[in-house]
Number of protein chains: 2
Amino acid sequence: MRRMTARPANAHQARLLKLLRDGGPNSRAQLGDQVDLSRSKLAVEVDRLLETGLVVADGLAASRGGRRSHNVRLNPDLRFLGVDIGATSVDVAVTNAELEILGHLNQPLDVREGPVAVFEQVLSMAAKLRATGLAEGFDGAGIGVPGPVRFPEGVPVAPPIMPGWDGFPVREALSQELGCPVMVDNDVNLMAMGEQHAGVARTVADYLCVKIGTGIGCGIVVGGHVYRGTTGSAGDIGHIQAVPDGRPCACGNRGCLEAHFSGAALARDAVEAAQQGLSPELAVRLETHGALTAADVAAAAAAGDATCLDLIREGGTRTGQVIAGLVSFFNPGLVVIGGGVTGLGHTLLAAIRTQVYRQSLPLATGNLPIVLGELGPTAGVIGGARLISDHLFSPA
Amino acid sequence: MRRMTARPANAHQARLLKLLRDGGPNSRAQLGDQVDLSRSKLAVEVDRLLETGLVVADGLAASRGGRRSHNVRLNPDLRFLGVDIGATSVDVAVTNAELEILGHLNQPLDVREGPVAVFEQVLSMAAKLRATGLAEGFDGAGIGVPGPVRFPEGVPVAPPIMPGWDGFPVREALSQELGCPVMVDNDVNLMAMGEQHAGVARTVADYLCVKIGTGIGCGIVVGGHVYRGTTGSAGDIGHIQAVPDGRPCACGNRGCLEAHFSGAALARDAVEAAQQGLSPELAVRLETHGALTAADVAAAAAAGDATCLDLIREGGTRTGQVIAGLVSFFNPGLVVIGGGVTGLGHTLLAAIRTQVYRQSLPLATGNLPIVLGELGPTAGVIGGARLISDHLFSPA
DNA sequence: AGACTTCTTCCACTCTCAGGACAAAGAGCG
DNA sequence: CGCTCTTTGTCCTGAGAGTGGAAGAAGTCT
C-alpha cells in the first residue's frame with residue numbers, strides 16, 4: 001500500500017481527525033455535536049478528508065431514533081510506530097490511527113551501545129512487526145529516548161546516560177530509514193502522553209508523571225500539553241537533592257534522589273543487603289542469577305522479606321519528599337507513578353503518598369490523587385504514537 | 001468623563017489593542033507590519049476601534065520614506081488601578097492604558113486587619129489619587145493579595161497569613177465599590193506579570209519569579225502566561241522542606257524554607273543575634289527602634305557587619321537549594337528574585353547563584369540568568385494593571 | 001399506515017477577506 | 001522647481017467561507 005502523506009488543510013479538519021482518533025468511528029451527526037460547525041460546513045470538511053484518504057466510510061451507525069447515519073473512521077490501514085528506548089531495553093509497537101496497539105515487541109538492549117547499534121535493533125524489530133502482516137509500512141513514528149532532547153530538531157542534548165548520542169540527528173536519521181515523518185522526545189514525556197491518551201490521566205489538564213526506572217524523571221503536562229522547558233530538560237528531577245550530604249552521584253553532587261532511589265540504586269542496595277546477610281531471600285537470588293535487579297527486590301518483598309520492604313519504603317519516602325516539593329510548587333491535579341519499579345507496587349505507593357500528604361500543604365493535596373500508571377510498558381509506545389499523530393493531525 | 005466599557009469585538013482587535021498597549025502610539029502601517037492582515041482588513045478594524053473610543057487618532061507619524069501615516073494610540077483618558085496588598089503594606093497606583101504609572105502611593109498596613117479595613121484603606125488611597133486629577137474614574141483594577149486565590153472567581157482560598165479573608169468575595173466587592181471590572185490574583189503572580197511587562201523578563205516565555213517578602217512565593221510563567229495550578233496554589237514554595245528536621249513552621253511541619261529564610265524569619269534571627277551580642281550594629285538599631293526588620297539587616301550588612309552578612313548568605317544558600325530543585329524540574333529561561341528583601345542585594349543574589357549553579361545540572365543552568373527584579377515595589381502594581389488590561393483587551 | 005425523528009443534501013444568501021488599482025502625500029535628486 | 005520613486009490610505013471586485021432554510025431520505029414508534 002502506498003503510504004498516506006496527506007495532512008489536514010485547516011484547523012477544522014485537524015480537530016475532526018483528533019476526534020476520530022480519540023473517539024473511534026463516528027457518525028457525521030455525532031461529530032457535529034462536538035465541533036460547533038454548521039451541518040453544511042461539516043459535510044464539506046468530512047468530504048475533503050474522505051478525498052485525501054485519511055478518512056474512510058465505515059458503514060451505517062445505529063439509529064438514534066431516526067434515519068441512520070453514515071459512519072466515518074480513520075483509514076484502518078494507517079500505521080504508526082511507537083518506539084520507547086529505555087536505558088536497558090527497548091519497546092517497539094505498531095498501532096493503527098486510533099492508537100490501538102496491534103503488535104508489541106520488547107528486547108533488552110543497552111542504550112550505551114550507541115545510536116547506530118540501537119537503530120539497527122529498532123529497525124529489525126520494526127521489520128519483524130511488519131513481516132507479521134500488521135503493517136506494510138509506517139505513516140509516522142514517535143521515538144522516546146532516555147535523556148533530554150532538543151524537541152524541534154529531535155536531537156538528544158548532553159544526555160548523561162547515553163554516551164555517543166549527544167547531537168546525533170535521531171529524527172532525521174530515522175526518518176530516512178523508515179521513510180516517514182518522525183518525532184523524538186524524552187521517554188518520560190512519552191509516558192506522560194501515553195497515560196494522558198489511554199491511561200489514568202485522561203481527564204486532567206495539569207499533572208505530573210513520575211517515571212522511576214534506571215533513572216528518575218518527571219513528565220510535566222500543563223493545560224493538556226507536555227511542557228519541555230527552555231532547553232528540553234524540564235522534569236529532570238533525578239538530580240534534585242533528596243539527602244543533604246548524601247551519597248555521591250554520577251553527576252558530581254551528593255544526595256541526588258537518583259543516587260538514593262532508582263532501579264540502579266535499588267539493585268546496588270539489594271546486592272549489599274544480600275552480601276551482608278540481611279536478606280536470605282535476596283542472597284539466594286544473587287546466588288542463582290549472579291546479579292540482582294529491582295524485580296528481585298519486588299519479588300522478595302512480595303514474599304515478605306523485611307529488608308526489601310524497608311528498602312522500598314525508604315526509597316518511597318525519599319521520592320515522596322521530592323514529589324512533595326514539586327506538588328507545592330506545581331499544584332497538579334494528579335500525580336502518576338510509573339516506570340520499571342512499579343513492580344514494587346503499593347508498598348512504594350503508600351510510602352510516597354504518606355510523605356507527600358504529610359509534607360505538602362492541604363490546599364495542594366486536598367484533592368490530589370497519587371496513583372500508579374495504568375499502562376505499564378505500553379505507556380511509552382502509545383505516547384510515541386500519540387506524539388506523531390498529534391504532529392501529523394495538525395495543519396501543515 | 002464617562003468610563004469606557006467597550007471591549008474588542010474579535011481576536012484581531014484584541015491583538016491590536018495589546019500591540020498599542022505594549023508598543024505605544026503606532027501608525028496603521030507599523031501595525032500592519034506586525035499583524036499579518038491585509039491593509040483593507042486592518043483599516044476596517046482600526047476604524048471600528050476608533051468608533052468604540054478605546055483608540056484615538058494621534059497626529060501624523062514620521063515619514064518612512066513616503067507619505068506620512070496617521071498615528072493611533074490607546075485613549076489617553078483610560079485609567080487602570082493597580083493594587084498590591086502585601087502582608088505588611090499596600091501599594092496603590094494609577095496607570096494609563098499603556099500601563100505607565102501616573103501616581104503611586106504606599107502605606108503600611110497589616111493584612112490581618114481583615115478585608116473590610118483593608119478595602120477602606122485601599123479605597124481611600126484610590127480616592128486620594130483621583131483627587132490629584134490623575135483620574136476621574138477607573139476603567140479596571142487588578143488586585144494582588146498575599147495568598148492563594150481561586151482565580152476565576154477572584155476569591156482567596158485558605159490563605160495562611162490572611163485570617164478573615166478566606167472565601168471573601170474580593171473581586172465582587174471591589175468591583176461594586178470601584179464601579180469597574182476587577183481581577184484578583186496572588187501578589188507573586190502580579191509581580192511576575194509586572195516584570196514580564198516592563199521589567200527584566202520582557203523577552204522570555206518560561207521563567208520563575210521568586211518573591212521573598214514576609215513569606216516566600218514563586219510566580220510561574222509558561223509560554224508567556226501565568227500558571228496558577230489546579231487549585232490556584234501553584235508557586236507556594238515557602239513550605240517546601242529546605243532543612244530536614246529544621247525549625248518548626250507555622251504550617252505544622254519542620255524545616256520549611258519560609259521558617260528558615262523570609263522577611264519574618266530574618267527579623268527573628270536579627271533580634272536573636274542582637275540579644276546574644278553577636279552584632280553591635282544590630283543591637284544599636286534594636287535599641288533605637290524597639291524592633292528589627294529585613295531592612296535593618298540590609299543596612300548593617302552594607303556597613304560590613306559580619307553576622308548580618310552570614311545571615312544573608314545562609315538564607316541565600318537555603319533559598320538557592322530550593323530554587324536549584326525548581327530549576328532542575330522546570331528548566332526556566334530566567335529566574336527573577338524580588339520582593340521586600342531585595343534590599344539585601346547582591347550578597348543574597350550571589351549566595352543563591354552559587355547554590356543553584358552548584359546543584360543543578362549544567363544543561364539547565366548553562367544559559368540561565370538569575371537576576372534581581374528591575375521594578376522593585378512597582379512590579380506588583382504594574383502587574384495588576386497588566387492583569388486587568390489583559391482581561392479587558394480580550395474578546396468578551 | 002401514519003406521525004414523528006433524525007440525518008443528508010442542496011441552495012440561496014451573507015460576510016469576510018485578500019489583493020489590485022488608484023489617488024494622496026511625502027522624500028530625494030538634478 | 002519639476003520629476004521620479006516610495007509609502008500610505010481608500011475603494012472595489014471577486015473568491016471563498018459559512019449559515020440556515022427547505023426538502024427529501026431513512027428510520028422509529030404507536
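Every chain is numbered from 1, with letters handed out A, B, ... down the list of sequences.
- When the C1' atom of D/dT8 is taken as reference, atom CZ of B/Arg68 falls 12 Å away, rounded to whole Å.
- Note on B/Ala43: nothing from the nucleic acid sits closer than 4.0 angstrom, heavy atoms only.
- Closest to the side chain of B/Ser63, out of C/dA27, C/dT8, D/dT8, is C/dA27.
- Interface remark: the B/Arg67 side chain does form a donor-acceptor pair with the D/dT8 base, using a distance-only criterion of under 3.5 Å.
- What separates CZ of A/Arg64 from P of C/dT8 is a distance of 9 Å, to the nearest Å.
- A straight line from CZ of A/Arg28 to P of C/dT8 spans 6 Å, rounded to a whole angstrom.
- Within a 6.0 Å radius of NE2 in A/His391, more than 12 heavy atoms belonging to other residues, nucleotides or ligands are found.
- We find that CG of B/Leu60 is positioned 7 Å from P of C/dG26, with the value rounded to whole Å.
- For the pair B/Asp33 CG and D/dT8 C1', the computed distance is 11 Å after rounding to whole Å.
- Taking a cutoff of 4.0 Å between a charged side-chain nitrogen and a carboxylate oxygen, A/Arg48 and A/Glu51 do not qualify as a salt bridge.
- Following rounding to the nearest Å, B/Leu31 (CG) and D/dG9 (C1') show an atom-to-atom distance of 14 Å.
- Both B/Gly65 and A/Gly65 lie close to DNA chain D; mapped to their nearest nucleotides by heavy-atom distance, the more 5′-ward contact belongs to B/Gly65.
- For C/dT8, the OP1/OP2 oxygens have a side-chain nitrogen or oxygen of A/Ser69 closer than 4.0 Å.
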Scan nucleotides 17-19 of chain D against the protein and return all N/O pairs shorter than 3.5 Å with their distances rounded to 0.1 Å.
unit_1 : atom_1 : unit_2  : atom_2 : d
D/dG18 : OP1    : A/His12 : NE2    : 3.4
D/dG18 : OP2    : A/Lys41 : NZ     : 2.1
D/dT19 : OP2    : A/Ser38 : N      : 3.3
D/dT19 : OP2    : A/Ser38 : OG     : 2.7

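- Using a 4.0 Å cut-off between a side-chain N of Lys or Arg and a carboxylate O of Asp or Glu, B/Asp185 and B/Arg150 do not qualify as a salt bridge.
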Handout entry: Candidate pair A/Thr230 and B/Phe330, rule side-chain contact (heavy atoms from CB on, under 4.5 Å), full reasoning
Key = CA-CA 9 Å; A/Thr230 300; B/Phe330 186 73; over 6 Å; no
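- Checking B/Ser69 against B/Arg28 by side-chain atom types alone, no donor-acceptor pair falls below 3.5 Å.
- A donor and an acceptor atom, one from each side chain of A/Asn71 and A/Gln30, are nowhere located under 3.5 Å apart.
- Residue-environment remark: CD (A/Gln176) stays at or below the threshold of 12 foreign heavy atoms within 6.0 Å.
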